[in-house]
**Student:** 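Here it is, the structure, as C-alpha coordinates.
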There are 2 protein chains.
Amino acid sequence: MPLKLNENIPDIVIGRLPLYLRALTYLQQEGHEVTSSHELGQRLGISSAQIRKDLSHFGGFGKQGTGYQIPYLIHKLQDVLQVNRIWPVAVVGAGNLGSAIAHYRGFEERGFRVCWLFDADPRRIGQQVDSFIVQPISELQATLSGSNCQVGMIAVPADRAQEVADLLVGAGVRAILNYAPININVPPGVLVQYIDPVVHLQHMSFYLRASDE
Amino acid sequence: MPLKLNENIPDIVIGRLPLYLRALTYLQQEGHEVTSSHELGQRLGISSAQIRKDLSHFGGFGKQGTGYQIPYLIHKLQDVLQVNRIWPVAVVGAGNLGSAIAHYRGFEERGFRVCWLFDADPRRIGQQVDSFIVQPISELQATLSGSNCQVGMIAVPADRAQEVADLLVGAGVRAILNYAPININVPPGVLVQYIDPVVHLQHMSFYLRASDE
DNA sequence: TCCTGATTGTGCTATTTTCCACAGCTCTAC
DNA sequence: GTAGAGCTGTGGAAAATAGCACAATCAGGA
(Lines give C-alpha, C1' and ligand atoms only; values in the text may rest on other atoms or scores of the structure.)
Protein backbone atom coordinates (compact mmCIF):
# COMPACT_ATOMS: atom_id res chain seq x y z
CA MET A 1 0.00 0.00 0.00
CA PRO A 2 1.39 3.39 -0.91
CA LEU A 3 1.85 6.04 1.72
CA LYS A 4 -1.20 8.22 2.15
CA LEU A 5 -0.18 11.81 2.59
CA ASN A 6 -2.65 13.83 0.55
CA GLU A 7 -5.12 14.51 3.32
CA ASN A 8 -4.24 17.21 5.77
CA ILE A 9 -2.62 15.60 8.74
CA PRO A 10 -2.63 17.62 11.98
CA ASP A 11 0.78 18.79 13.09
CA ILE A 12 0.16 17.43 16.55
CA VAL A 13 -0.06 13.96 15.04
CA ILE A 14 3.25 14.41 13.23
CA GLY A 15 4.78 15.48 16.50
CA ARG A 16 3.89 12.17 18.10
CA LEU A 17 5.31 9.97 15.37
CA PRO A 18 8.93 10.39 16.51
CA LEU A 19 7.87 9.19 19.95
CA TYR A 20 6.25 6.11 18.46
CA LEU A 21 9.31 5.46 16.37
CA ARG A 22 11.58 5.78 19.37
CA ALA A 23 9.50 3.45 21.50
CA LEU A 24 9.27 0.90 18.70
CA THR A 25 13.04 0.86 18.37
CA TYR A 26 13.39 0.00 22.03
CA LEU A 27 10.74 -2.68 21.77
CA GLN A 28 12.66 -4.17 18.87
CA GLN A 29 15.92 -4.06 20.82
CA GLU A 30 14.19 -5.93 23.62
CA GLY A 31 13.41 -8.72 21.21
CA HIS A 32 9.76 -8.03 20.47
CA GLU A 33 8.61 -8.63 16.92
CA VAL A 34 4.99 -7.58 17.28
CA THR A 35 3.25 -5.00 19.39
CA SER A 36 -0.20 -3.55 19.88
CA SER A 37 -1.55 -0.06 20.18
CA HIS A 38 -2.29 -0.90 23.78
CA GLU A 39 1.27 -1.93 24.62
CA LEU A 40 2.74 1.06 22.84
CA GLY A 41 0.29 3.39 24.51
CA GLN A 42 1.09 2.05 27.93
CA ARG A 43 4.77 2.75 27.39
CA LEU A 44 4.14 6.25 26.19
CA GLY A 45 1.26 7.24 28.42
CA ILE A 46 -0.97 7.70 25.38
CA SER A 47 -4.33 6.07 24.80
CA SER A 48 -4.38 3.16 22.41
CA ALA A 49 -7.18 4.77 20.41
CA GLN A 50 -5.04 7.79 19.76
CA ILE A 51 -2.16 5.70 18.50
CA ARG A 52 -4.42 3.76 16.16
CA LYS A 53 -6.00 6.89 14.82
CA ASP A 54 -2.66 8.62 14.38
CA LEU A 55 -1.23 5.71 12.43
CA SER A 56 -4.37 5.31 10.35
CA HIS A 57 -3.71 8.70 8.76
CA PHE A 58 -0.98 7.05 6.73
CA GLY A 59 -2.72 3.83 5.81
CA GLY A 60 -3.29 0.57 7.57
CA PHE A 61 -0.04 -0.50 9.13
CA GLY A 62 -1.45 -3.11 11.47
CA LYS A 63 -3.45 -6.27 11.21
CA GLN A 64 -6.69 -6.83 13.04
CA GLY A 65 -6.44 -9.45 15.71
CA THR A 66 -2.64 -9.43 15.54
CA GLY A 67 -1.29 -5.93 16.04
CA TYR A 68 1.67 -4.29 14.38
CA GLN A 69 4.79 -5.95 13.01
CA ILE A 70 7.50 -3.86 14.64
CA PRO A 71 10.11 -3.88 11.86
CA TYR A 72 7.45 -3.06 9.29
CA LEU A 73 5.97 -0.23 11.35
CA ILE A 74 9.42 1.19 12.04
CA HIS A 75 10.12 1.13 8.35
CA LYS A 76 6.86 2.87 7.52
CA LEU A 77 7.31 5.56 10.16
CA GLN A 78 10.83 6.20 8.91
CA ASP A 79 9.34 6.69 5.46
CA VAL A 80 6.70 9.07 6.74
CA LEU A 81 9.21 11.11 8.74
CA GLN A 82 11.78 10.91 5.95
CA VAL A 83 14.45 9.52 8.21
CA ASN A 84 15.09 6.56 5.93
CA ARG A 85 18.04 8.67 4.84
CA ILE A 86 20.67 10.81 6.59
CA TRP A 87 20.17 14.57 6.73
CA PRO A 88 23.40 16.50 7.02
CA VAL A 89 23.22 19.04 9.84
CA ALA A 90 25.15 22.26 10.44
CA VAL A 91 25.76 23.21 14.06
CA VAL A 92 26.50 26.83 14.88
CA GLY A 93 28.18 27.47 18.20
CA ALA A 94 31.10 25.42 19.48
CA GLY A 95 30.82 26.24 23.17
CA ASN A 96 29.93 23.71 25.80
CA LEU A 97 26.56 22.94 24.25
CA GLY A 98 27.76 22.87 20.65
CA SER A 99 30.60 20.58 21.67
CA ALA A 100 28.24 18.24 23.46
CA ILE A 101 26.11 18.10 20.33
CA ALA A 102 29.18 17.41 18.21
CA HIS A 103 30.13 14.53 20.48
CA TYR A 104 26.66 13.03 20.63
CA ARG A 105 26.46 9.64 18.96
CA GLY A 106 22.71 9.35 18.83
CA PHE A 107 21.87 11.29 15.70
CA GLU A 108 23.04 9.01 12.96
CA GLU A 109 20.88 5.99 13.59
CA ARG A 110 17.85 8.25 13.69
CA GLY A 111 18.37 10.09 10.44
CA PHE A 112 20.77 12.97 11.06
CA ARG A 113 24.49 13.56 10.96
CA VAL A 114 26.36 16.62 12.17
CA CYS A 115 28.62 17.59 9.28
CA TRP A 116 29.75 21.12 10.11
CA LEU A 117 30.57 23.03 13.26
CA PHE A 118 30.81 26.81 13.10
CA ASP A 119 31.71 29.49 15.59
CA ALA A 120 32.38 33.21 15.56
CA ASP A 121 35.06 33.24 18.24
CA PRO A 122 38.57 33.35 16.69
CA ARG A 123 39.90 31.38 19.64
CA ARG A 124 37.67 28.48 18.75
CA ILE A 125 38.10 28.54 14.99
CA GLY A 126 40.47 25.86 13.81
CA GLN A 127 40.17 23.87 17.00
CA GLN A 128 39.18 20.24 16.82
CA VAL A 129 35.94 19.20 18.51
CA ASP A 130 35.22 15.53 18.19
CA SER A 131 35.95 14.84 14.54
CA PHE A 132 35.23 18.41 13.45
CA ILE A 133 37.40 21.41 12.85
CA VAL A 134 35.53 24.51 14.00
CA GLN A 135 34.97 26.74 10.99
CA PRO A 136 34.50 30.50 11.00
CA ILE A 137 30.89 31.56 10.82
CA SER A 138 31.90 34.07 8.16
CA GLU A 139 32.28 31.15 5.81
CA LEU A 140 29.02 29.47 6.69
CA GLN A 141 27.24 30.60 3.58
CA ALA A 142 30.09 29.65 1.24
CA THR A 143 30.57 26.29 2.92
CA LEU A 144 26.95 25.25 2.96
CA SER A 145 25.70 26.71 -0.29
CA GLY A 146 26.87 23.84 -2.45
CA SER A 147 26.01 21.18 0.06
CA ASN A 148 22.23 20.81 0.15
CA CYS A 149 22.32 21.19 3.91
CA GLN A 150 18.73 21.77 4.97
CA VAL A 151 18.96 21.34 8.72
CA GLY A 152 20.73 23.60 11.18
CA MET A 153 21.12 23.79 14.93
CA ILE A 154 21.72 27.01 16.84
CA ALA A 155 23.83 26.69 19.97
CA VAL A 156 24.97 30.27 20.48
CA PRO A 157 23.98 32.86 23.12
CA ALA A 158 20.52 34.35 22.76
CA ASP A 159 21.76 37.70 21.52
CA ARG A 160 23.39 36.03 18.52
CA ALA A 161 20.60 33.63 17.65
CA GLN A 162 18.70 35.83 15.21
CA GLU A 163 21.71 36.67 13.09
CA VAL A 164 22.75 33.03 13.01
CA ALA A 165 19.24 32.08 11.96
CA ASP A 166 19.41 34.62 9.16
CA LEU A 167 22.71 33.19 8.01
CA LEU A 168 21.40 29.65 8.03
CA VAL A 169 18.30 30.62 6.09
CA GLY A 170 20.49 32.48 3.63
CA ALA A 171 22.48 29.31 3.12
CA GLY A 172 19.39 27.32 2.23
CA VAL A 173 18.56 25.76 5.58
CA ARG A 174 14.85 25.01 5.92
CA ALA A 175 14.65 23.49 9.39
CA ILE A 176 16.26 24.98 12.48
CA LEU A 177 16.57 23.57 15.95
CA ASN A 178 17.19 26.51 18.23
CA TYR A 179 18.78 25.91 21.62
CA ALA A 180 19.05 29.64 22.32
CA PRO A 181 16.32 30.74 24.74
CA ILE A 182 14.77 33.28 22.43
CA ASN A 183 12.21 33.34 19.65
CA ILE A 184 13.61 33.85 16.20
CA ASN A 185 11.94 35.14 13.05
CA VAL A 186 12.30 33.21 9.85
CA PRO A 187 10.65 33.53 6.45
CA PRO A 188 7.59 31.43 5.68
CA GLY A 189 8.49 27.90 4.72
CA VAL A 190 11.33 27.67 7.22
CA LEU A 191 10.63 25.50 10.24
CA VAL A 192 11.87 26.23 13.74
CA GLN A 193 11.75 24.13 16.86
CA TYR A 194 12.95 25.23 20.25
CA ILE A 195 14.77 23.55 23.08
CA ASP A 196 14.97 25.56 26.28
CA PRO A 197 15.39 23.47 29.42
CA VAL A 198 14.26 26.32 31.66
CA VAL A 199 10.89 26.42 29.92
CA HIS A 200 10.39 22.80 30.90
CA LEU A 201 11.63 23.40 34.43
CA GLN A 202 9.32 26.37 34.91
CA HIS A 203 6.43 24.37 33.51
CA MET A 204 7.04 21.81 36.22
CA SER A 205 7.78 24.22 39.05
CA PHE A 206 4.25 25.57 38.71
CA TYR A 207 3.02 22.26 40.07
CA LEU A 208 5.56 22.05 42.90
CA ARG A 209 3.17 23.82 45.21
CA ALA A 210 0.92 22.38 47.87
CA SER A 211 2.31 19.57 49.94
CA ASP A 212 5.48 21.65 49.72
CA GLU A 213 6.99 24.25 51.95
CA MET B 1 -5.39 41.37 43.91
CA PRO B 2 -4.45 37.92 45.18
CA LEU B 3 -3.40 35.21 42.79
CA LYS B 4 -6.30 33.19 41.51
CA LEU B 5 -5.38 29.54 41.40
CA ASN B 6 -8.40 27.70 42.67
CA GLU B 7 -10.02 27.10 39.30
CA ASN B 8 -8.60 24.31 37.20
CA ILE B 9 -6.12 25.80 34.80
CA PRO B 10 -5.35 23.75 31.69
CA ASP B 11 -1.82 22.40 31.57
CA ILE B 12 -1.38 23.75 28.08
CA VAL B 13 -1.84 27.24 29.49
CA ILE B 14 0.81 26.64 32.15
CA GLY B 15 3.13 25.48 29.43
CA ARG B 16 2.90 28.81 27.65
CA LEU B 17 3.59 30.96 30.70
CA PRO B 18 7.35 30.36 30.62
CA LEU B 19 7.36 31.57 27.03
CA TYR B 20 5.53 34.73 28.01
CA LEU B 21 7.91 35.27 30.88
CA ARG B 22 10.92 34.80 28.65
CA ALA B 23 9.66 37.21 26.01
CA LEU B 24 8.77 39.78 28.66
CA THR B 25 12.28 39.64 30.04
CA TYR B 26 13.70 40.45 26.64
CA LEU B 27 11.21 43.27 26.15
CA GLN B 28 12.31 44.68 29.47
CA GLN B 29 15.97 44.39 28.52
CA GLU B 30 15.19 46.30 25.36
CA GLY B 31 13.91 49.15 27.46
CA HIS B 32 10.17 48.65 27.14
CA GLU B 33 8.10 49.36 30.22
CA VAL B 34 4.69 48.50 28.85
CA THR B 35 3.49 45.97 26.33
CA SER B 36 0.24 44.70 24.88
CA SER B 37 -1.15 41.28 24.20
CA HIS B 38 -0.81 42.13 20.53
CA GLU B 39 2.89 42.95 20.72
CA LEU B 40 3.64 39.92 22.84
CA GLY B 41 1.65 37.71 20.55
CA GLN B 42 3.45 38.96 17.50
CA ARG B 43 6.80 38.06 19.03
CA LEU B 44 5.67 34.62 19.99
CA GLY B 45 3.49 33.75 17.04
CA ILE B 46 0.48 33.44 19.32
CA SER B 47 -2.83 35.24 18.95
CA SER B 48 -3.39 38.19 21.24
CA ALA B 49 -6.70 36.76 22.35
CA GLN B 50 -5.00 33.63 23.56
CA ILE B 51 -2.49 35.57 25.60
CA ARG B 52 -5.21 37.67 27.21
CA LYS B 53 -7.25 34.60 27.99
CA ASP B 54 -4.28 32.72 29.39
CA LEU B 55 -3.33 35.59 31.67
CA SER B 56 -6.89 36.16 32.79
CA HIS B 57 -6.87 32.75 34.47
CA PHE B 58 -4.75 34.28 37.21
CA GLY B 59 -6.50 37.61 37.61
CA GLY B 60 -6.41 40.88 35.77
CA PHE B 61 -2.80 41.78 35.19
CA GLY B 62 -3.37 44.45 32.55
CA LYS B 63 -5.19 47.71 32.25
CA GLN B 64 -7.71 48.43 29.57
CA GLY B 65 -6.53 50.99 27.09
CA THR B 66 -2.98 50.76 28.35
CA GLY B 67 -1.77 47.18 28.23
CA TYR B 68 0.52 45.41 30.67
CA GLN B 69 3.21 46.93 32.88
CA ILE B 70 6.15 44.69 32.06
CA PRO B 71 7.87 44.58 35.47
CA TYR B 72 4.56 43.93 37.18
CA LEU B 73 3.59 41.16 34.77
CA ILE B 74 7.01 39.55 35.06
CA HIS B 75 6.65 39.61 38.81
CA LYS B 76 3.22 38.05 38.67
CA LEU B 77 4.25 35.31 36.26
CA GLN B 78 7.23 34.51 38.45
CA ASP B 79 4.82 34.12 41.34
CA VAL B 80 2.54 31.87 39.36
CA LEU B 81 5.40 29.69 38.14
CA GLN B 82 7.08 29.77 41.54
CA VAL B 83 10.35 31.01 40.15
CA ASN B 84 10.46 33.94 42.53
CA ARG B 85 12.88 31.71 44.39
CA ILE B 86 15.77 29.42 43.44
CA TRP B 87 15.17 25.71 43.14
CA PRO B 88 18.26 23.60 43.77
CA VAL B 89 18.77 21.05 41.01
CA ALA B 90 20.65 17.75 40.95
CA VAL B 91 22.21 16.73 37.64
CA VAL B 92 22.98 13.07 37.04
CA GLY B 93 25.48 12.34 34.31
CA ALA B 94 28.75 14.23 33.94
CA GLY B 95 29.49 13.40 30.31
CA ASN B 96 29.50 15.96 27.55
CA LEU B 97 25.87 16.90 28.10
CA GLY B 98 26.00 16.92 31.88
CA SER B 99 29.11 19.07 31.73
CA ALA B 100 27.48 21.51 29.35
CA ILE B 101 24.57 21.77 31.76
CA ALA B 102 26.93 22.34 34.66
CA HIS B 103 28.62 25.15 32.76
CA TYR B 104 25.40 26.82 31.65
CA ARG B 105 24.91 30.22 33.20
CA GLY B 106 21.27 30.70 32.27
CA PHE B 107 19.50 28.81 35.03
CA GLU B 108 19.95 31.06 37.99
CA GLU B 109 18.18 34.18 36.80
CA ARG B 110 15.21 32.06 35.84
CA GLY B 111 14.70 30.23 39.09
CA PHE B 112 17.06 27.24 39.18
CA ARG B 113 20.57 26.47 40.32
CA VAL B 114 22.54 23.32 39.67
CA CYS B 115 23.86 22.26 43.06
CA TRP B 116 25.02 18.68 42.55
CA LEU B 117 26.60 16.69 39.77
CA PHE B 118 26.60 12.91 39.96
CA ASP B 119 28.05 10.18 37.81
CA ALA B 120 28.49 6.43 38.01
CA ASP B 121 31.82 6.24 36.20
CA PRO B 122 34.72 5.98 38.69
CA ARG B 123 36.94 7.87 36.25
CA ARG B 124 34.71 10.88 36.49
CA ILE B 125 34.05 10.82 40.21
CA GLY B 126 36.11 13.39 42.04
CA GLN B 127 36.83 15.37 38.89
CA GLN B 128 36.00 19.04 38.80
CA VAL B 129 33.42 20.21 36.27
CA ASP B 130 32.81 23.93 36.39
CA SER B 131 32.51 24.61 40.10
CA PHE B 132 31.35 21.08 40.94
CA ILE B 133 33.11 17.98 42.11
CA VAL B 134 31.50 14.97 40.46
CA GLN B 135 29.99 12.81 43.16
CA PRO B 136 29.36 9.09 43.00
CA ILE B 137 25.81 8.20 42.15
CA SER B 138 25.90 5.66 44.95
CA GLU B 139 25.74 8.57 47.35
CA LEU B 140 22.95 10.40 45.58
CA GLN B 141 20.33 9.36 48.08
CA ALA B 142 22.43 10.19 51.11
CA THR B 143 23.51 13.52 49.67
CA LEU B 144 20.10 14.73 48.62
CA SER B 145 17.92 13.34 51.35
CA GLY B 146 18.55 16.18 53.78
CA SER B 147 18.58 18.86 51.13
CA ASN B 148 15.01 19.42 50.01
CA CYS B 149 16.13 19.01 46.41
CA GLN B 150 12.96 18.58 44.39
CA VAL B 151 14.26 18.97 40.85
CA GLY B 152 16.55 16.61 38.96
CA MET B 153 17.98 16.38 35.49
CA ILE B 154 18.93 13.12 33.80
CA ALA B 155 21.87 13.30 31.42
CA VAL B 156 22.92 9.68 31.21
CA PRO B 157 22.60 7.12 28.40
CA ALA B 158 19.11 5.81 27.74
CA ASP B 159 19.79 2.41 29.27
CA ARG B 160 20.59 4.02 32.62
CA ALA B 161 17.79 6.57 32.68
CA GLN B 162 15.18 4.47 34.46
CA GLU B 163 17.41 3.48 37.34
CA VAL B 164 18.56 7.08 37.72
CA ALA B 165 14.95 8.22 37.76
CA ASP B 166 14.19 5.68 40.47
CA LEU B 167 17.11 6.97 42.51
CA LEU B 168 16.01 10.57 42.15
CA VAL B 169 12.46 9.75 43.13
CA GLY B 170 13.76 7.82 46.09
CA ALA B 171 15.68 10.88 47.17
CA GLY B 172 12.55 13.01 47.17
CA VAL B 173 12.78 14.60 43.72
CA ARG B 174 9.35 15.53 42.37
CA ALA B 175 10.23 17.03 38.98
CA ILE B 176 12.57 15.43 36.47
CA LEU B 177 13.90 16.81 33.22
CA ASN B 178 15.01 13.82 31.20
CA TYR B 179 17.54 14.31 28.40
CA ALA B 180 17.81 10.58 27.78
CA PRO B 181 15.84 9.57 24.69
CA ILE B 182 13.56 7.14 26.45
CA ASN B 183 10.34 7.22 28.38
CA ILE B 184 10.67 6.67 32.08
CA ASN B 185 8.12 5.50 34.61
CA VAL B 186 7.65 7.43 37.81
CA PRO B 187 5.10 7.20 40.60
CA PRO B 188 2.04 9.45 40.48
CA GLY B 189 2.78 12.94 41.67
CA VAL B 190 6.24 13.03 40.11
CA LEU B 191 6.51 15.21 37.01
CA VAL B 192 8.66 14.39 34.00
CA GLN B 193 9.51 16.48 30.99
CA TYR B 194 11.59 15.29 28.07
CA ILE B 195 14.22 16.85 25.87
CA ASP B 196 15.22 14.82 22.84
CA PRO B 197 16.61 16.85 19.98
CA VAL B 198 16.02 14.06 17.50
CA VAL B 199 12.31 14.12 18.21
CA HIS B 200 12.26 17.77 17.15
CA LEU B 201 14.41 17.09 14.11
CA GLN B 202 12.20 14.23 12.97
CA HIS B 203 9.13 16.37 13.53
CA MET B 204 10.59 18.90 11.10
CA SER B 205 11.99 16.44 8.59
CA PHE B 206 8.45 15.26 7.91
CA TYR B 207 7.81 18.62 6.28
CA LEU B 208 11.05 18.69 4.29
CA ARG B 209 9.33 17.04 1.36
CA ALA B 210 8.04 18.60 -1.84
CA SER B 211 10.03 21.43 -3.31
CA ASP B 212 12.97 19.30 -2.24
CA GLU B 213 15.37 17.12 -4.18
C1' DT C 1 -15.35 68.27 29.53
C1' DC C 2 -15.83 65.40 25.92
C1' DC C 3 -14.08 62.90 22.01
C1' DT C 4 -10.93 59.55 19.98
C1' DG C 5 -8.02 55.75 19.65
C1' DA C 6 -6.23 51.92 22.08
C1' DT C 7 -6.48 47.83 24.88
C1' DT C 8 -8.23 44.48 28.26
C1' DG C 9 -11.29 40.80 29.93
C1' DT C 10 -14.76 37.66 28.57
C1' DG C 11 -19.21 35.34 26.83
C1' DC C 12 -19.89 32.81 23.04
C1' DT C 13 -18.77 30.29 18.85
C1' DA C 14 -15.75 27.64 15.92
C1' DT C 15 -12.24 24.46 15.50
C1' DT C 16 -9.28 20.97 16.98
C1' DT C 17 -8.18 17.07 19.54
C1' DT C 18 -9.26 13.10 22.11
C1' DC C 19 -11.85 9.27 23.24
C1' DC C 20 -15.57 5.75 23.04
C1' DA C 21 -17.40 1.79 21.19
C1' DC C 22 -18.05 -1.51 17.80
C1' DA C 23 -17.89 -3.99 13.18
C1' DG C 24 -14.93 -6.93 11.17
C1' DC C 25 -10.65 -9.42 10.64
C1' DT C 26 -7.09 -12.82 12.62
C1' DC C 27 -5.25 -16.39 15.09
C1' DT C 28 -5.45 -20.31 18.31
C1' DA C 29 -7.28 -24.20 20.58
C1' DC C 30 -9.85 -27.94 20.61
C1' DG D 1 -14.59 -26.34 11.73
C1' DT D 2 -15.89 -23.51 14.80
C1' DA D 3 -15.91 -20.90 19.07
C1' DG D 4 -13.62 -17.39 21.38
C1' DA D 5 -10.27 -14.03 22.53
C1' DG D 6 -7.64 -10.22 20.80
C1' DC D 7 -6.83 -6.42 17.96
C1' DT D 8 -7.31 -2.82 14.25
C1' DG D 9 -9.52 0.92 11.85
C1' DT D 10 -13.04 4.32 12.18
C1' DG D 11 -17.57 6.99 12.66
C1' DG D 12 -19.22 9.93 15.64
C1' DA D 13 -19.62 11.92 20.33
C1' DA D 14 -17.31 14.39 23.82
C1' DA D 15 -13.95 17.33 25.56
C1' DA D 16 -10.51 20.65 25.11
C1' DT D 17 -8.59 24.51 22.87
C1' DA D 18 -8.52 28.63 20.14
C1' DG D 19 -10.55 32.64 18.24
C1' DC D 20 -14.11 36.23 17.52
C1' DA D 21 -16.18 40.32 18.75
C1' DC D 22 -17.60 43.66 21.81
C1' DA D 23 -18.64 46.16 26.23
C1' DA D 24 -15.94 48.40 29.49
C1' DT D 25 -12.18 51.13 30.57
C1' DC D 26 -8.25 54.19 30.08
C1' DA D 27 -5.12 58.08 28.50
C1' DG D 28 -4.45 62.06 26.01
C1' DG D 29 -5.64 65.99 23.51
C1' DA D 30 -8.67 69.61 21.94
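To find a chain, count down the sequence lines: A is the first, B the second, and so on, and within it residues start at 1.
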**Student:** In residues 28-44 of chain B, what residues come within less than 4.0 Å of DNA chain C, judged by heavy atoms?
**Tutor:**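 Of all residues in residues 28-44 of chain B, the ones placing a heavy atom under 4.0 Å from DNA chain C are S36(B), S37(B).
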
**Student:** D54(A) CG to dT16(C) P: how many Å, rounded?
**Tutor:**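 That distance rounds to 16 Å.
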
**Student:** Mark up nucleotides 20-30 of chain C, 5' to 3', with B wherever a protein heavy atom is under 4.0 angstrom from a base atom, S wherever such an atom reaches only the sugar-phosphate, and - elsewhere.
**Tutor:** BB--BBBS---

**Student:** Kindly confirm or rule out a cation-pi arrangement of R209(A) over F206(A), judged by NZ or CZ under 6.0 Å from the six-membered ring centre and within 45° of its axis?
**Tutor:**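 Yes, a cation-pi geometry.
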
**Student:** What is the distance, to the nearest angstrom, from the NZ atom on K76(A) to the P atom on dT8(D)?
**Tutor:**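 Distance, rounded to whole Å: 18 Å.
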
**Student:** Rounded to whole Å, how long is the line connecting atom CD1 of I12(B) with atom C1' of dT18(C)?
**Tutor:**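 Interatomic distance, CD1 of I12(B) to C1' of dT18(C): 12 Å.
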
**Student:** Rounded to the Å, how far apart are R16(A) CZ and dT17(C) P?
**Tutor:**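 Rounded to whole Å, this separation is 9 Å.
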
**Student:** Can a side chain N or O of Y68(A) be found less than 4.0 Å away from OP1 or OP2 on dG9(D)?
**Tutor:**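 Checking Y68(A) against dG9(D): at least one side-chain N or O falls below 4.0 Å of OP1 or OP2.
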
**Student:** Salt bridge check, R43(B) against E30(B): does any charged N sit closer than 4.0 Å to a carboxylate O?
**Tutor:**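 Looking at E30(B) and R43(B), the cut-off is met.
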
**Student:** Quickly work out the I51(B) CD1 to dA18(D) P distance and round it to whole Å.
**Tutor:**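 One finds 12 Å between P of dA18(D) and CD1 of I51(B), rounded.
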
**Student:** Under a 4.0 Å N-O cut-off, is there an ion pair linking R160(A) with D119(A)?
**Tutor:**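 Between D119(A) and R160(A) there is no salt bridge, as every charged N stays at least 4.0 Å from the carboxylate O atoms.
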
**Student:** Between D54(B) and Y20(B), does any side-chain donor sit less than 3.5 Å from a side-chain acceptor?
**Tutor:**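 Indeed, the side chains of D54(B) and Y20(B) share at least one donor-acceptor pair under 3.5 Å.
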
**Student:** Indicate yes or no: does R16(B) engage D11(B) in a salt bridge with an N to O separation below 4.0 Å.
**Tutor:**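 Looking at D11(B) together with R16(B), the answer is no, because their closest N to O distance does not fall below 4.0 Å.
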
